[in-house]
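Here's the structure we're looking at; comments come further down.
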Amino acid sequence: MIQIPMKAKAPLDQGCLLQLNTPSRNSVLTAETVTALNKPASQSFYPSNSWGNCSQNTRPTATQQARTANQHTVSQQARTANQHTVSQQACTANQHTVSQQARPASQHTVSQRTRNTGQRITPQQAHTSGHPASVPPQMPLPAFTKPLRKGQKAALAAGKNLLSVRACFGWNSTNPACDVDVSAFLLGANGKVLGDSWFVFYGQAESPDRSTRFSNVQAGDREMISIDFTKLNPKVKKIVFVLTINEAFDKKLHFDMLKDAYVRILDNRNAELASFLMTDYYANVISMMIGEIYEYNGSWKFNAVGNGVAKDLAGLCALYGVQVTD
């Protein structure tokens, strides 16, 4: 049977049939085909992407119809008579496919923990901000007004009553896989935590006495540990601040992939009391004790530590006496 793209708008006359049923054709129109073609015009239509909205005077001739004879069969048209034409469906499907293909791969962001939603920049955000997706966005360093060198110590409140401080942290990396965590261990006089809950990080954001809190920072720094000395348990003699690369063992990451790591201690008026910008980065280190606040003769001081270990967060917990369960 001859394949016709759509039904005719008007009955085919004898001349049209003679043109269609020439000897050069492989097939001829059957009685069933003619019956299907000669349905009233109200039951058929021309797709806009084939012949347009032709008037009676500009309707395509039988010869033009025959040129498209090797397309959809009458039986296929009958099945889709109350739907869109096959060509329209193909167009729609093609548009949908193109739309999906045109969607940039950078829209599919890597899943990240909700604790870092305010800080981590997705590959799409990096792209739209002018950073290639493979290069981590770089944060500018703050202006350090009271910088210390590695190993130096400084009183946080010389002759003043210190009520609270904020330890603010920042860093940059050369490897986009480096995901750095900040944690604080509240230690007693024996150098161990008072208990398993005296360890503050993204998964345990507050100490039992509600004196020490972890939080993300929306601008300027990346993460922050705030300390209220008026609430701090008097048994706490030292608070150690640690930077740890998440999943460093599995992903073969280390501190030589980081740079610009710092901590700065601010009072409740945002005045800097002390700061430390790290200068030493090692390929065999995945956790860094960047600094600590400790009590000395009734006053609180800051120590710029800058010492690293080849231990992950679980290893540091064991080091400071925190019992970790799987």
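- Here the closest heavy-atom approach between residue L148 and residue A304 is recorded as CB-CB, 4.2 Å.
- When side chains are defined from C-beta on, L243 does not count as touching D181, because their heavy atoms never get closer than 4.5 Å.
- A distance below 6.0 Å separates the ring centres of F169 and F241.
- Between the side chains of N175 and S173, no donor-acceptor pair of N or O atoms lies under 3.5 Å.
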>> For a side chain to side chain contact (heavy atoms under 4.5 Å, CB included) check, start with the C-alpha distance between V180 and L258, then their side-chain angles and the critical distance, and finish with the verdict.
In response: CA-CA 9 Å; V180 179; L258 296 182; 3.8 Å; yes

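- The shortest heavy-atom contact between S211 and K231 is CB-C, 3.7 Å.
- Contact annotation: the side chain of K237 never approaches that of Y294 to less than 4.5 Å [non-hydrogen atoms, C-beta and beyond].
- Annotation: cation-pi pair K301/Y296 present, NZ/CZ under 6.0 Å from the ring centroid and within 45° of its normal.
- With values rounded to the nearest 0.5 angstrom, N233 atom CG is found 5.5 Å from D209 atom CG.
- How far CZ of R264 is from CE of M224: 10.5 Å, rounded to the nearest 0.5 Å.
- A donor-acceptor pair under 3.5 Å is formed between the side chain of K150 and the backbone N or O of G306.
- Cluster annotation: V263 is not connected to L277 through the hydrophobic network of ILVMFWY side chains, with a link wherever side-chain heavy atoms come within less than 4.5 Å.
- Distance check: S287 OG to L319 CG gives 10.0 Å after rounding to the nearest 0.5 Å.
- Side-chain atoms of V309 and M289, non-hydrogen and from C-beta on, do get closer than 4.5 Å to each other.
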>> Using the rule given for side chain to side chain contact (heavy atoms under 4.5 Å, CB included), can you reason through I286 versus F249, listing the C-alpha separation, both sets of side-chain angles and the distance that settles it, and then say yes or no?
In response: CA-CA 8 Å; I286 63 173; F249 287 135; 3.3 Å; yes

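- Residues F276 and F302 keep their aromatic ring centres 6.0 Å or farther apart.
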>> Determine whether L194 and L186 satisfy the following criterion, side chain to side chain contact (heavy atoms under 4.5 Å, CB included), listing intermediate values before the conclusion.
In response: CA-CA 7 Å; L194 302 186; L186 285 71; 5.8 Å; no

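- The minimum heavy-atom distance between D228 and L163, with the atom names listed, is OD1-O, 3.5 Å.
- Cluster membership for Y202 and I290, using ILVMFWY side-chain heavy atoms within less than 4.5 angstrom, is shared.
- The CE atom of M278 sits 9.5 Å away from the CG atom of N307 when rounded to the nearest 0.5 Å.
- The shortest distance between side-chain heavy atoms of T212 and F229 does not fall below 4.5 Å.
- Side chains of N297 and S299: no donor on one and acceptor on the other come within 3.5 Å.
- Nearest heavy atoms, F201 versus S183: CB-CB, 3.8 Å.
- Contact check for W198 versus V236: side-chain heavy atoms found under the 4.5 Å cut-off.
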>> Does F199 form a ring-ring contact (aromatic ring centres under 6.0 Å, His included) with F185? I'd like the steps, not just the answer.
In response: CA-CA 5 Å; F199 158 51; F185 293 87; 4.6 Å; yes

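- Taking CD1 of I265 as the start and CD1 of I225 as the end, the distance is 10.5 Å to the nearest 0.5 Å.
- Criterion: ILVMFWY side-chain heavy atoms under 4.5 Å apart, direct or through other members. Under it, I239 and L266 are not part of a common hydrophobic cluster.
- In terms of heavy-atom proximity, L162 sits nearest to A157 at CB-CB, 3.7 Å.
- Note that the NZ atom of K235 and the CG atom of L187 stand 14.5 Å from one another [nearest 0.5 Å].
- Across A261 and Y281, no two heavy atoms sit closer than the pair N-OH, 3.0 Å.
- At a threshold of 4.0 Å, the pair K146-E272 does not count as salt-bridged, since none of the basic side-chain nitrogens sits closer than that to a carboxylate oxygen.
- Under the 4.5 Å side-chain heavy-atom criterion for Ile, Leu, Val, Met, Phe, Trp and Tyr, Y282 and I245 are members of the same hydrophobic cluster.
- Side chains of D196 and Q323: a donor-acceptor N/O pair is absent below 3.5 angstrom, by distance only.
- When atom types are taken as modelled, the side chain of N172 and the backbone of M139 share a donor-acceptor pair closer than 3.5 angstrom.
- Note on L273: it clusters hydrophobically with L232, by side-chain heavy-atom contacts below 4.5 Å among ILVMFWY residues.
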>> side chain to side chain contact (heavy atoms under 4.5 Å, CB included), that's the test. Do I227 and W300 meet it? Break it down for me.
In response: CA-CA 12 Å; I227 303 168; W300 291 96; over 6 Å; no

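- Between E295 and K238 the shortest side-chain heavy-atom distance does not fall below 4.5 Å.
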